[in-house]
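Because only heavy atoms are used, hydrogens play no part in the values below, and waters and symmetry mates are left out as well, while side chains stay in.
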Amino acid sequence: MSTLIQTILVPQGAEYQAVCRGLGGIADPPRVFATPAGAAIAPYLQSLQAAGSLREGQPILMMGLCGGLIAKLEIGDVVLYGESLDPIAHACDRTLTAKLQALLDVPIVRGVTSDRVISTTHDKRQLAAQFSADVVDMESAAALEILNAIGVSTAVLRVVSDDCHHNIPDLSNAFNAEGSLQPVALAIAMLRQPIAATHLIRSSLHGLRSLQELTNRLFGK
């Protein structure tokens, strides 16, 4: 797969670090770009295009974590997106996605992009019903809109790090306008909801381990 995909986009921070650990020791690994969270990914991708790092016809793999919105998706599950909505549907490249599915044998799902972290089980159920979506993240639709306009062939491969059965802390104020996680705001949110915070920590660590293993499995072949 490393001969096909030479560029990975992954959210900055722990997800980026997990992917880089998964690529450790692999000869000629793909180039990995750490992207901001949320809508800030759009100007970032435009800057990569201006620098010549994104070109028409280039295969791109978006990786990272996502939240599960349906009961059958468990923490640690790997999914491929067929499309992501915001609410307009933005499609992934069918050929590249099919090649990855044949290699990994994972389900193809419908994603929805949210401008905030979906923290309650009620909101997860509501989002799933409204968009007939299986998973949620904060970047995919915005990224696909830009990448499809460039003519890049994009696949989205993510690991479920939060399921639809548990609440997580309200992280609405934990990200700044540049899409970076703010440690103090994160700590305050975690302290306010300790039970939800414990679930978030455990599920995130599980998801990150799965993301690292997935990366190694995919590019270590």
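- Under the 4.5 Å side-chain heavy-atom criterion for ILVMFWY residues, a single connected hydrophobic cluster contains both Ile26 and Tyr16.
- Contact annotation: the side chain of Met63 approaches that of Thr215 to within less than 4.5 Å [non-hydrogen atoms, C-beta and beyond].
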Residues Cys92, Leu144; criterion side-chain contact (heavy atoms from CB on, under 4.5 Å); working and verdict: CA-CA 7 Å; Cys92 299; Leu144 285 168; 3.9 Å; yes
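- Ser140 and Thr113 are not linked by any side-chain donor-acceptor pair at a separation below 3.5 angstrom, with hydrogens and angles left out of the test.
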For Thr198 and Ile195, what are the C-alpha separation, side-chain angles and deciding distance, and is it a side-chain contact (heavy atoms from CB on, under 4.5 Å)? CA-CA 5 Å; Thr198 299; Ile195 295 175; 5.8 Å; no
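- For Gln46 against Ile146, the heavy-atom pair with the smallest separation is NE2-CD1, 3.6 Å.
- At distances below 3.5 Å, at least one donor-acceptor pair connects side-chain atoms of Asn148 with backbone N or O atoms of Ala91.
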As a quick check of understanding, evaluate side-chain contact (heavy atoms from CB on, under 4.5 Å) for Val10 and Thr35, giving each step before the final call. CA-CA 6 Å; Val10 60; Thr35 65; 5.9 Å; no
Name every donor-acceptor pair, under 3.5 Å, that has one atom in a side chain of residues 125-132 and the other anywhere in the protein, sequence neighbours excluded.
none

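- In this structure the side chain of Leu9 never reaches within 4.5 angstrom of the side chain of Thr154, judged on heavy atoms.
- With respect to the salt-bridge test (charged N to carboxylate O, under 4.0 angstrom), the residues Asp93 and Lys99 do not qualify.
- Ile60 is not connected to Leu103 by any chain of hydrophobic side-chain contacts under 4.5 Å among Ile, Leu, Val, Met, Phe, Trp and Tyr, and they are in different clusters.
- Once rounded to the nearest 0.5 Å, the distance linking CG of Leu100 with OG1 of Thr95 reads 11.0 Å.
- Heavy atoms only, all atoms of each residue included: Val79 and Cys66 are closest at CG2-SG, 4.1 Å.
- Cluster membership check: Val106 does not share its hydrophobic cluster with Val109, using side-chain heavy-atom separations under 4.5 Å among Ile, Leu, Val, Met, Phe, Trp and Tyr.
- Residues passing the side-chain hydrogen bond (donor to acceptor under 3.5 Å, both in side chains) test with His199, sequence neighbours excluded: Asp162.
- Of the inter-residue distances, the one linking His165 atom NE2 with Ile75 atom CD1 reads 9.0 Å to the nearest 0.5 angstrom.
- For Arg202, the CZ atom sits in a loose shell: 12 or fewer heavy atoms of surrounding residues, nucleotides or ligands are nearer than 6.0 Å.
- In terms of heavy-atom proximity, Pro36 sits nearest to Ala40 at CG-O, 3.4 Å.
- In this structure a side-chain-to-backbone donor-acceptor pair under 3.5 Å is missing from Lys124 to Gly68.
- Under the salt bridge (charged side-chain N to carboxylate O under 4.0 Å, His left out) criterion, Arg94 pairs with no residue at all, not counting sequence neighbours.
- A pairwise comparison of heavy atoms in Ile8 and Pro30 identifies CD1-CG, 3.6 Å as the closest pair.
- Side-chain contact between Leu69 and Asp134 is absent, with no heavy atoms from C-beta onward closer than 4.5 Å.
- Here the closest heavy-atom approach between residue Pro11 and residue Gly64 is recorded as CD-CA, 4.2 Å.
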Leu157 and Leu214: CA distance, side-chain angles, deciding distance, side-chain contact (heavy atoms from CB on, under 4.5 Å) verdict: CA-CA 10 Å; Leu157 181 65; Leu214 171 64; 3.7 Å; yes
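- Here the side chains of Leu48 and Phe33 are in contact, with some heavy-atom distance below 4.5 Å.
- A pairwise comparison of heavy atoms in Leu73 and Asp163 identifies O-CB, 4.1 Å as the closest pair.
- For residues 142-159, the set of pairs meeting the salt bridge (charged side-chain N to carboxylate O under 4.0 Å, His left out) definition, not counting sequence neighbours, comprises Asp137-Arg158, Glu139-Arg158.
- Residues in residues 50-78 take part in these side-chain hydrogen bond (donor to acceptor under 3.5 Å, both in side chains) pairs, two or more places apart or across chains: Thr7-Gln58.
- In terms of modelled atom types and a separation under 3.5 Å, the side chain of Ser84 and the main chain of His90 share no donor-acceptor contact.
- Leu96 places a side-chain heavy atom less than 4.5 Å from the side chain of Ile5.
- Pairs of residues two or more places apart, or lying in two chains, that qualify as side-chain hydrogen bond (donor to acceptor under 3.5 Å, both in side chains) and include a residue from residues 205-214 are Arg21-Gln212.
- For the pair Ser114 (side chain) and Val117 (backbone), a donor-acceptor distance under 3.5 Å is absent.
- Taking the side chain as every heavy atom from C-beta outward, Pro169 and Leu200 approach each other to under 4.5 Å.
- Considering CG of Asp86 and CG of Asp115, their distance stands at 10.5 Å, rounded to 0.5 Å.
- Follow the hydrophobic side-chain contacts under 4.5 Å out from Leu4 and you reach Val19 in the same cluster.
- The shortest distance between side-chain heavy atoms of Leu147 and Met62 falls below 4.5 Å.
- Both Val156 and Ile70 are part of a single hydrophobic cluster, where members link through side-chain heavy atoms under 4.5 Å apart.
- The shortest side-chain heavy-atom distance between Leu61 and Leu218 falls under the 4.5 Å cut-off.
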